[in-house]
Amino acid sequence: MTGGPTLPLCVILGGGGHARILIDALRGSGAATPYAVLDRDRTRWGGDLLGVPITGGDDLLAGLPEKGVSRFVVGVGGAGDNSARRRLFDLGRSHGLVPLTVRHPSAICSTWAEIGPGCALCPAAVVNAGAVVGANVIVNTGAIVEHDCVIGDHVHVATGARLAGAVRVGEGAHIGAGATVRQQIVIGEGAVVGAGAVVVDDVPAWTVVVGVPARALRSARAAERPVR
């Protein structure tokens, strides 16, 4: 007898808390075998994350294809600044690796939704019919992306956030934990919706909004900070 199909090997770029969710989802879904975690923090090298070895930094990427690694996921989340996720996504692709979309077994995704490469659909996330989700997007734990929403690349829809029908979210935007966005609202590129905010009007690009109802606070560019 022969064994089942061999799963592709996958490297996790960045060893933050989000990486733990991805490793758990990879094992639960059987989409790939986690091969290694790469992280900039030298003090973590030689350790592990949920049993997956942290082997070194990004410089090891070049040697991974010859070891049979063909896939990657971005293990960095984001709290208002998704530039680190974008950088790692582009870095993985530049080394010839394929971005893997990870779907936790408890996530619900309509067969009529379109999901881009390198996305993470976390536990109990919901993506409904007609939604279009771009590349390298996180739909975090318990978040809801309703019907006909259009989500740009590198967006983070954080834990418990809710996007009503036909919301449009621009590239690199961040929808904070527990936020609610009314139907047909447009969230501009790079905008940040604060945790718990209720958005009832369009949000311009590169603007931070907070509160109930949400109001502009400042430029999102001033709020950017490294997350890795």
Side-chain angles (χ1 to χ4, degrees), residues 10 12-32 34 49-50 71-82 84-86 88-89 99-185 187 191-199 227:
C10 179
I12 296 95
L13 305 183
H18 180 60
R20 297 177 186 272
I21 303 299
L22 295 178
I23 292 169
D24 181 53
L26 284 169
R27 289 172 172 158
S29 65
L49 195 65
L50 301 186
R71 306 289 195 274
F72 77 93
V73 293
V74 177
V76 171
D81 177 12
N82 292 314
R85 288 185 50 76
R86 183 196 303 261
L88 289 171
F89 184 79
L100 180 68
T101 289
V102 181
R103 175 179 167 181
H104 191 274
S106 65
I108 298 171
C109 184
S110 169
T111 57
W112 299 100
E114 297 180 24
I115 308 297
C119 290
L121 306 185
C122 296
V126 176
V127 180
N128 270 329
V132 178
V133 178
N136 193 32
V137 170
I138 301 174
V139 183
N140 220 320
T141 305
I144 297 173
V145 176
E146 262 298 352
H147 64 87
D148 302 305
C149 287
V150 178
I151 312 298
D153 296 346
H154 315 296
V155 166
H156 183 182
V157 183
T159 303
R162 295 167 291 183
L163 306 184
V167 168
R168 301 181 70 89
V169 181
E171 184 172 313
H174 179 87
I175 312 298
T180 299
V181 182
R182 194 188 68 181
Q183 63 268 24
Q184 299 184 331
I185 291 293
I187 308 295
V192 176
V193 175
V198 176
V199 181
V227 296

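FYI, the numbering just counts along the sequence from 1. Just so it is clear, the model here is predicted, and its values are computed rather than measured.
- Counting heavy atoms from C-beta on, the side chains of Val127 and Ser110 never come closer than 4.5 Å.
- Here the CG-CG distance, from Leu22 to Leu100, works out to 9.5 Å after rounding to the nearest 0.5 Å.
- Put simply, NE2 on His18 and CD1 on Ile21 are 8.0 Å apart, with the number rounded to the nearest 0.5 Å.
- Two residues are said to be in side-chain contact when any heavy atoms from C-beta on lie closer than 4.5 Å; Val145 and Val126 fail this criterion.
- Closest non-hydrogen pair, Ala124 versus Ser106, comes out as N-OG, 3.0 Å.
- The backbone N or O of Gly78 lies less than 3.5 Å from a partner atom in the side chain of His156, making a donor-acceptor pair.
- Arg86 has its side chain within reach of Glu171: a pair of non-hydrogen atoms, C-beta onward, lies under 4.5 Å apart.
- Put simply, the side chain of Val169 does not reach to within 4.5 Å of the side chain of Val150, judged on heavy atoms.
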- Could you go step by step and tell me if Leu13 and Val76 meet the side-chain contact (heavy atoms from CB on, under 4.5 Å) rule? CA-CA 7 Å; Leu13 305 183; Val76 171; over 6 Å; no
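- Of all heavy-atom pairs between Val139 and Ala125, the closest is O-CB, 3.6 Å.
- Closest approach of Ile175 to Ala179, counting heavy atoms only: CG2-CB, 4.0 Å.
- Listed for the Asp153 side chain is a donor-acceptor partner under 3.5 Å among the backbone atoms of Ala135.
- Thr101 contributes no side-chain N or O that, together with a main-chain N or O of Ala120, makes up a donor-acceptor pair within less than 3.5 Å.
- Sparse packing is recorded around CZ of Arg168, with 12 or fewer heavy atoms of other residues, nucleotides or ligands lying under 6.0 Å away.
- We find the CD1-SG distance between Ile185 and Cys149 to be 11.0 Å, quoted to the nearest 0.5 Å.
- Asn128 and His147 share no donor-acceptor pair across their side chains, judged by distance under 3.5 Å alone.
- Nearest heavy-atom pair, Gly176 versus Ala161, reported as atom, atom and distance to 0.1 Å: O-CB, 3.5 Å.
- Not one N or O on the side chain of Asn140 forms a donor-acceptor pair closer than 3.5 Å with the backbone of Cys122.
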- Task: Go through Val157 and Ile138 one step at a time and tell me if the side-chain contact (heavy atoms from CB on, under 4.5 Å) criterion holds.
- Result: CA-CA 6 Å; Val157 183; Ile138 301 174; over 6 Å; no
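- The shortest non-hydrogen separation linking Gly170 to Val155 is O-CG2, 3.2 Å.
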- Please step through side-chain contact (heavy atoms from CB on, under 4.5 Å) for the pair Glu114 and Val133, ending with a clear verdict. CA-CA 6 Å; Glu114 297 180 24; Val133 178; over 6 Å; no
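- Two residues are said to be in side-chain contact when any heavy atoms from C-beta on lie closer than 4.5 Å; Arg20 and Leu49 meet this criterion.
- Considering all non-hydrogen atoms of both residues, Phe89 and Phe72 come closest at O-CZ, 3.4 Å.
- Checked by atom type, the side-chain pair Thr180/Arg162 shows a donor-acceptor distance below 3.5 Å.
- Considering only heavy atoms from C-beta on, Ile187 comes within 4.5 Å of Val199 through its side chain.
- Residues Asn136 and Pro99 form no side-chain contact, since every pair of their non-hydrogen atoms from C-beta on lies 4.5 Å or further apart.
- In this structure, Cys10 and Pro34 have side chains that are not in contact, with every pair of non-hydrogen atoms separated by 4.5 Å or more.
- In the model, His104 has a side-chain atom that pairs as donor or acceptor with a side-chain atom of Asp24 under 3.5 Å.
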- Task: Carefully, step by step, assess Arg85 and His154 under the rule side-chain contact (heavy atoms from CB on, under 4.5 Å).
- Result: CA-CA 7 Å; Arg85 288 185 50 76; His154 315 296; 5.6 Å; no
